[in-house]
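Residue numbers begin at 1 in each chain, while the letters A, B, ... track the order of the sequences.
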Amino acid sequence: MSDLRAVLSDSRAVSTTLGYVLSLAIATLLITGLIIAGGGYVDTQREQVIRDELTVVGQQLAADVERADRLVRAGEAPLTVRVNKTFSDRVTGSSYRVSFDPSASAIVLETNRPAVSVRVGVVTETALGDSTADGGPVQIRYDDGDDHLEVRDV
Amino acid sequence: MADLRAVGRRLGPTGDERGQIILIAAFAMAVTFVTLALVVNSAIFTENLASRGETAGSNDALSTRAMVETNVGEGIAAANRNNNSSPSELETATRADIRNLSRQTGRQAARSGRVVDVTYQSNRPGVRIAQTDGSALTTGGGVTDYRVVGGVSRVDGANGTRAFEIAASDITATDNASAFEVSVQRTGATGNENSWRARIYRTGAETVHIRTLRNNSTSTLVEDCEVTRDSGLSTFRIDLTGGTVDGEPCDALGTAPSGANVHFGAGTDVTPGGTDTYDIEFANADQVTGNFSMVVYRRPSTTLDLSSIGTSPTSTTALYDVTVRYTHLTTDLRYETDLRVAPGEPDV
């Protein structure tokens with residue numbers, strides 16, 4: 001019994017172990033926090049950059065749609081208007097889709113991961129046709145039969 | 001982390017495996033930094049993309065189109081003046097002119113990496129009525145009030161008269177009552193109904209006054225404008241279809257305050273593209289001395305009433321308009337359209 005009491009009351013070498021465990025726990029906590037905070041920061045920045053890039057791509061596309069509209073208005077049937085534009089296939093590592101929304105007179109650009117959607121308004125006299133294309137090289141063309149502008153892949 | 005552990009094992013049974021968490025963390029941070037670099041790179045690329053301008057060349061397509069339209073118009077005017085003995089001669093001359101134009105424009109465009117092609121498609125017949133001897137605008141027999149042309153149809157979406165210009169070396173009328181009057185009226189209308197009239201007189205040595213009257217069945221819209229010509233000019237150049245006097249806009253000839261354009265055909269309520277017609281008449285033609293020229297549309301299989309026209313003024317076969325096919329290609333743009341050219345035609 002006295003041996004057991006001696007062992008239980010013996011606190012030698014505890015501080016070394018405790019110190020090791022504590023420093024391990026604090027280091028883990030700090031590093032985990034750093035990684036989570038860093039990762040979150042990068043994710044936020046990435047989403048923001050994707051949003052910005054989609055906005056810029058949308059605005060460039062809107063300018064091209066309005067240029068195509070100007071060519072259509074200046075032309076007489078039979079009319080062919082095709083404007084090609086090459087954008088990057090991915091925005092900050094995410095693939096994206098471009099579509100025309102005729103009801104809102106807008107261009108909608110969307111990515112899936114992370115889910116970001118951007119709308120850019122366009123002002124045209126020629127109607128927009130309901131159409132979608134994958135990001136990258138796209139073509140804006142005038143459909144003579146339906147009298148509208150549409151976007152498609154090239 | 002097998003390699004990290006292996007390093008530890010090689011150190012022996014008491015191998016030092018400390019630092020694992022820091023290594024893992026460093027690895028994770030490295031991945032984070034690489035991702036951050038990618039994000040920053042994308043942001044820089046976005047800035048670059050935002051500052052890019054027009055790349056497809058649609059501005060060139062439109063400016064070249066305008067140039068082609070002007071040049072074809074000049075070709076039509078030249079053919080109407082010089083190759084007017086028959087419709088076929090007119091067409092042959094215009095075709096040759098357009099071929100020449102296509103070749104020259106194409107060569108010019110090729111230097112900047114573009115392909116431009118212009119081909120003749122069709123034409124619509126017309127008659128050019130002109131006086132070039134500088135006498136009073138009366139008929140050869142001295143008649144002051146006469147019908148210049150009758151039975152003019154309106155082309156679809158536009159007028160039936162274009163490039164109507166008077167170069168007056170002298171205008172003697174000084175008030176509305178004795179003014180030289182150009183009257184455009186629906187064929188068969190009575191009184192002043194369905195008419196558009198322009199009265200031209202002088203209110204000063206260098207100032208011309210134009211009063212236009214548009215009658216429909218219920219009311220008359222009267223508008224006035226005055227233009228003082230630049231000093232040193234010996235003629236008043238009155239462009240009745242362009243709405244200018246000596247190059248300055250004259251509101252009475254142009255757009256009405258209500259927004260409706262009252263040029264010619266639109267003032268007579270003749271439907272564009274239909275079978276209705278209008279007549280153009282002069283009154284008090286002895287009040288103006290000088291020259292004039294106009295081209296009117298003759299609907300196929302109809303004839304115009306030119307019974308008062310003899311040698312001065314005179315009438316010749318002419319082209320009212322010409323349609324060409326305009327093609328403009330660049331690596332990023334394909335633009336093909338028909339282009340109807342009718343120089344000096346008002347848009348209604």
Side-chain angles (χ1 to χ4, degrees), chain A residues 20 23-24 27-28 30-32 34-57 59-60 63-64 66-88 90-94 137 139-142 154, chain B residues 18-63 65-66 69 121 157 323-341:
Chain A
Y20 185 77
S23 61
L24 207 63
T28 309
L30 280 176
I31 287 164
T32 309
L34 197 65
I35 289 171
I36 289 171
Y41 174 73
V42 168
D43 276 350
T44 313
Q45 291 302 309
R46 181 165 175 243
E47 197 171 317
Q48 185 58 45
V49 168
I50 287 175
R51 193 176 299 282
D52 287 350
E53 193 161 353
L54 286 183
T55 306
V56 168
V57 168
Q59 284 166 350
Q60 292 273 335
D64 282 329
E66 285 170 10
R67 283 189 193 109
D69 174 55
R70 205 155 50 122
L71 292 173
V72 170
R73 277 187 285 151
E76 290 171 40
L79 183 62
T80 305
V81 176
R82 285 174 193 174
V83 181
N84 291 351
K85 188 91 178 186
T86 304
F87 297 106
S88 52
R90 290 166 175 269
V91 284
T92 324
S94 292
Q139 182 179 71
I140 298 152
R141 68 190 287 271
Y142 172 66
V154 282
Chain B
R18 285 181 297 176
Q20 292 284 321
I21 289 173
I22 290 173
L23 277 172
I24 293 165
F27 193 71
M29 292 303 285
V31 171
T32 306
F33 282 126
V34 168
T35 314
L36 198 60
L38 177 76
V39 170
V40 170
N41 198 30
S42 291
I44 293 167
F45 177 71
T46 305
E47 294 290 324
N48 174 284
L49 189 65
S51 63
R52 284 185 203 171
E54 147 91 281
T55 51
S58 66
N59 291 345
D60 286 339
L62 284 178
S63 60
R65 177 191 182 279
E69 188 171 358
Q121 295 284 99
T323 302
V324 296
R325 185 81 179 152
Y326 168 68
T327 306
H328 187 283
L329 307 175
T330 67
T331 48
D332 290 329
L333 176 72
R334 183 178 193 90
Y335 184 43
E336 293 175 50
T337 179
D338 274 3
L339 187 57
R340 191 176 79 87
V341 184

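No side-chain heavy atom of Thr32(B) sits under 4.5 Å from any side-chain heavy atom of Tyr41(A). Taking the side chain as every heavy atom from C-beta outward, Ile22(B) and Ile31(A) approach each other to under 4.5 Å. A heavy-atom distance below 4.5 Å is found between the side chains of Leu24(A) and Ile21(B). At least one side-chain heavy atom of Leu333(B) sits less than 4.5 Å from a side-chain heavy atom of Leu71(A). Looking only at side-chain heavy atoms (C-beta outward), Leu49(B) and Val57(A) come within less than 4.5 Å of each other.
In terms of heavy-atom pairs under 4.5 Å with chain A, the best-connected choice from Arg52(B), Met29(B), Arg325(B) is Arg325(B). For chain B, the option among Ile140(A), Val91(A), Val83(A), Val72(A) with the highest count of heavy-atom pairs below 4.5 Å is Val83(A). Chosen from Leu339(B), Leu62(B), Thr35(B), the residue pairing most often with chain A at heavy-atom distances under 4.5 Å is Leu62(B). With chain B as partner, the option from Gln60(A), Arg90(A), Gln139(A) having the largest number of non-hydrogen pairs under 4.5 angstrom is Gln60(A).
Shown here for Ala28(B) and Ile35(A), the closest heavy-atom pair between the two residues is CB-CD1, 3.6 Å. Smallest separation of non-hydrogen atoms from Arg67(A) and Ser58(B): CD-OG, 3.0 Å. Of all the heavy atoms in Asp338(B) and Ala77(A), the pair that sits closest is OD2-O, 3.5 Å. When all heavy atoms of Arg340(B) and Glu76(A) are compared, the closest pair comes out as N-OE2, 3.2 Å.
Of the two parts of Phe33(B), neither the backbone nor the side chain holds a non-hydrogen atom closer than 4.5 Å to a non-hydrogen atom of chain A. Residue contact with chain B, scored on non-hydrogen atoms closer than 4.5 Å, is absent for Ala68(A). The part of Arg65(B) that comes within reach of chain A is its side chain, from C-beta onward, which places non-hydrogen atoms under 4.5 angstrom from that chain. Looking at Thr331(B), only its backbone comes within 4.5 Å of chain A, counting heavy atoms on both sides. For chain B, the nearby parts of Ala74(A) are the backbone and the side chain; heavy atoms of each come within less than 4.5 Å.
A donor-acceptor pair under 3.5 Å is absent between the side-chain atoms of Gln45(A) and the main chain of Val39(B), judged by distance alone.
Remark: Asp52(A) CG to Thr46(B) OG1 distance equals 6.5 Å, nearest 0.5 Å. Between Leu79(A) atom CG and Tyr326(B) atom OH the span is 12.0 Å, to the nearest 0.5 Å.
With sequence neighbours left out, the salt bridge (charged side-chain N to carboxylate O under 4.0 Å, His left out) criterion links Arg46(A) to no other residue.
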